[in-house]
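Comments concern the structure below.
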Amino acid sequence: MNSIANAIAGATHESQTSHVLLIMTPTASSTGKPILAASRNKRSKTLSMFRTLIYTVALGCGVFSAAEARELKLGYSLGPNSHYGESAHVIANKLETLSGGKWTIKEYPANALGGEREMIESAQIGTVDMVISSTGPVGNFIPETQITDIPFLFKSYEHAHAVLDGPIGQKILGKFPQYGLKALAWGENGFRNLTNSVRPVRTPEDAKGLKIRTMENQVHITAFRAMGILPTPMAFPELLTALQQGTVDGQENPIGVIVNANLSQIQEHLSLTQHIYSPALIIMSLSIWEELNDEEKGWFEQAAKAGAQAMRTKAEADAASGVAVLEKQGMQVVKKVDQAAFLKALDPAYTAYAKKFGKDKIDAIQNFQY
């Protein structure tokens, strides 16, 4: 027993020391830059070793059995009735069933664990286990995802699903481990639309000069500047206050998000621009993933796949029914938007995207056969 106690004490000391280092080390929140990969990987391994040691020692002491559940924290930015919430429910239920109760999930909706950027950063260092996130802030950590946020890249839901679930999308998911994360599946937010409290928007000329909240995503910011919009990047938890105080005139999001966030209460105009197809991601801390055996990894992948499908189904259903809901709540909806004019306005942005990502890669997505 003394040796066990000493092992726990030593591991606890190592964990506490690592915790101090995490606090003192600059992070994406404090510097605007992602944590260095080498530093992330070292911390991830330390956390993984600590968890494994405590788990093994506890088994040896009879504190709990291997069959007992390990509860994971899953965070997301929207409410429990949203498409993110639907996905989280399905993942939790599926994982518990597949594992026979060995692995369970506790949900933390509505930014309870911080904004998306903060949750992703926490997953990197192992203080949050799983995250459902839009791709918007993910590009600050995994640059390879940014290409999926280009405006008018995808023609339809079917086109997007074929690309993301096929070789192109899976190759992007394969990049995550080198940044301290494991991406389990592509989910969905849907096509983004513009809202504002100033005037109806049918053309880029109508949108010119509007202060629009955007995600912290350089691809989006480049697009809005090209259209004459004044982009104001900010985290989603800050949006409602910014709209109420007039810091920004409007924002852009898929219909389901606009409904779920009750934006009709503070935004008068909705334009169905559908300017960007917005994917989502189901992400896991690499320190947890590396603890799993092959069978357990299969459980998590199956649960995530089911959750991704549930998310897509819910997001598309919300988009189909949500416009009528928003009209009933008083929003003025512009249904016929001059998308050709918006696309033309993006010519300078597409020149920048071709330089950044490669025209061949953009063409491969746009011309993907499905």
Side-chain angles (χ1 to χ4, degrees), residues 78 82-83 134 136 149-160 188-215 217 219-234 236 239-240 242-279 314-350:
L78 300 175
S82 66
H83 54 291
S134 65
D149 290 313
I150 292 176
F152 300 109
L153 184 68
F154 297 105
K155 303 178 184 72
S156 64
Y157 291 115
E158 293 77 17
H159 179 201
E188 180 167 277
N189 280 297
F191 287 92
R192 305 179 76 87
N193 301 280
L194 183 68
T195 72
N196 80 94
S197 57
V198 179
R199 56 181 175 265
V201 172
R202 294 179 177 82
T203 68
E205 190 65 29
D206 297 330
K208 193 169 292 185
L210 290 176
K211 294 179 292 183
I212 300 297
R213 175 267 175 181
T214 70
M215 290 193 286
N217 181 303
V219 173
H220 289 196
I221 292 168
T222 297
F224 287 118
R225 284 179 178 158
M227 291 187 282
I229 288 171
L230 304 177
T232 305
M234 66 176 65
F236 189 71
L239 174 59
L240 292 181
L243 290 171
Q244 290 167 340
Q245 295 180 347
T247 305
V248 293
D249 300 315
Q251 61 85 58
E252 48 83 50
N253 257 306
I255 294 298
V257 177
I258 296 170
V259 172
N260 190 264
N262 296 313
L263 294 181
S264 62
Q265 296 178 7
I266 46 178
Q267 294 277 269
E268 182 179 353
H269 302 286
L270 166 64
S271 298
L272 301 183
T273 49
Q274 299 202 357
H275 51 278
I276 295 171
Y277 171 83
S278 182
K314 172 71 170 167
E316 291 168 33
D318 287 349
S321 64
V323 174
V325 171
L326 295 170
E327 283 182 311
K328 188 175 181 180
Q329 292 173 348
M331 293 194 83
Q332 304 300 308
V333 181
V334 176
K335 297 179 180 178
K336 292 186 178 181
V337 173
D338 190 346
Q339 283 195 339
F342 277 101
L343 188 56
K344 179 65 178 173
L346 287 170
D347 281 349
Y350 259 83

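Atom set for the values below is all heavy atoms of this structure, side chains included, hydrogens, waters and symmetry mates excluded.
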Looking at every non-hydrogen atom in both residues, tell me the closest pair between [X] and [Y] and how far apart they are.
{"X": "Ala349", "Y": "Ala223", "value": "CB-CA, 4.3 Å"}
{"X": "Ser197", "Y": "Ile266", "value": "CB-O, 4.2 Å"}
{"X": "Gly190", "Y": "Pro254", "value": "O-CG, 3.8 Å"}
{"X": "Met215", "Y": "His220", "value": "CE-CE1, 3.3 Å"}
{"X": "Asn217", "Y": "Gly136", "value": "ND2-O, 3.1 Å"}
{"X": "Val201", "Y": "Ser271", "value": "O-OG, 2.6 Å"}

Legend entry - Short side-chain to backbone donor-acceptor contact, Tyr350 and Pro151, under 3.5 Å: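 Such a contact is found between Tyr350 side chain and Pro151 backbone.
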Check whether any side-chain heavy atom of [X] sits under 4.5 Å from a side-chain heavy atom of [Y], and report yes or no.
{"X": "Ile276", "Y": "Leu153", "value": "no"}
{"X": "Val248", "Y": "Leu243", "value": "yes"}
{"X": "Gln274", "Y": "Phe342", "value": "no"}
{"X": "Asp318", "Y": "Val259", "value": "no"}
{"X": "Asp149", "Y": "Pro279", "value": "yes"}
{"X": "Met331", "Y": "Val323", "value": "no"}
{"X": "His269", "Y": "Leu194", "value": "no"}

Legend entry - Residues forming a side-chain contact (heavy atoms from CB on, under 4.5 Å) with Ser321, sequence neighbours excluded: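 Checked Ser321 against side-chain contact (heavy atoms from CB on, under 4.5 Å); zero matches.
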Inset, instruction - With sequence neighbours excluded, tell me which residues meet side-chain hydrogen bond (donor to acceptor under 3.5 Å, both in side chains) with Thr203. - result: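 Once residues adjacent in sequence are excluded, the partners of Thr203 under the side-chain hydrogen bond (donor to acceptor under 3.5 Å, both in side chains) criterion are Asp206.
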Inset, instruction - State which residues pass side-chain hydrogen bond (donor to acceptor under 3.5 Å, both in side chains) with Lys155; sequence neighbours excluded, sorted by chain then number. - result: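 Lys155 satisfies side-chain hydrogen bond (donor to acceptor under 3.5 Å, both in side chains) with no residue once adjacent residues are dropped.
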Legend entry - side-chain contact (heavy atoms from CB on, under 4.5 Å) evaluation trace for Leu272 with Ile255: CA-CA 9 Å; Leu272 301 183; Ile255 294 298; 4.0 Å; yes
Inset, instruction - Can you establish whether the number of heavy atoms outside Arg199 located under 6.0 Å from its atom CZ is more than 12? - result: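 Correct, the count exceeds 12.
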Legend entry - Test log, rule side-chain contact (heavy atoms from CB on, under 4.5 Å), inputs Thr214 and Arg225: CA-CA 11 Å; Thr214 70; Arg225 284 179 178 158; over 6 Å; no
Under 3.5 Å, side-chain donor or acceptor atoms of residues 332-340 against the rest of the protein: list the pairs with distances, not counting sequence neighbours.
unit_1	atom_1	unit_2	atom_2	d
Lys335	NZ	Glu327	OE2	3.4
Asp338	OD1	Ala340	N	3.4
Asp338	OD1	Ala341	N	3.1
Gln339	NE2	Thr273	O	2.7

For the atom pair [atom1] ([X]) and [atom2] ([Y]), what is the distance rounded to the nearest 0.5 Å?
{"X": "His275", "Y": "Phe224", "atom1": "NE2", "atom2": "CZ", "result": "3.5 Å"}
{"X": "Phe236", "Y": "Arg213", "atom1": "CZ", "atom2": "CZ", "result": "6.5 Å"}
{"X": "Leu240", "Y": "Gln245", "atom1": "CG", "atom2": "CD", "result": "11.0 Å"}
{"X": "Ile212", "Y": "Leu230", "atom1": "CD1", "atom2": "CG", "result": "8.5 Å"}
{"X": "Ile229", "Y": "Ile221", "atom1": "CD1", "atom2": "CD1", "result": "12.5 Å"}
{"X": "Asn189", "Y": "His83", "atom1": "CG", "atom2": "NE2", "result": "4.0 Å"}

Inset, instruction - Not counting sequence neighbours, list each pair that qualifies as a salt bridge (charged side-chain N to carboxylate O under 4.0 Å, His left out) and has a residue in residues 246-263. - result: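 Listed by first then second residue: Arg192-Glu252.
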Legend entry - Near-ring test Tyr157/Phe191, centroid separation under 6.0 angstrom: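 When the ring centroids of Phe191 and Tyr157 are compared, they turn out to be within the sub-6.0 Å range.
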Inset, instruction - Could you name each residue pair satisfying side-chain hydrogen bond (donor to acceptor under 3.5 Å, both in side chains) that touches residues 254-267, not counting sequence neighbours? - result: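 Residue pairs with at least one partner in residues 254-267: Thr195-Gln267, Ser264-Gln329.
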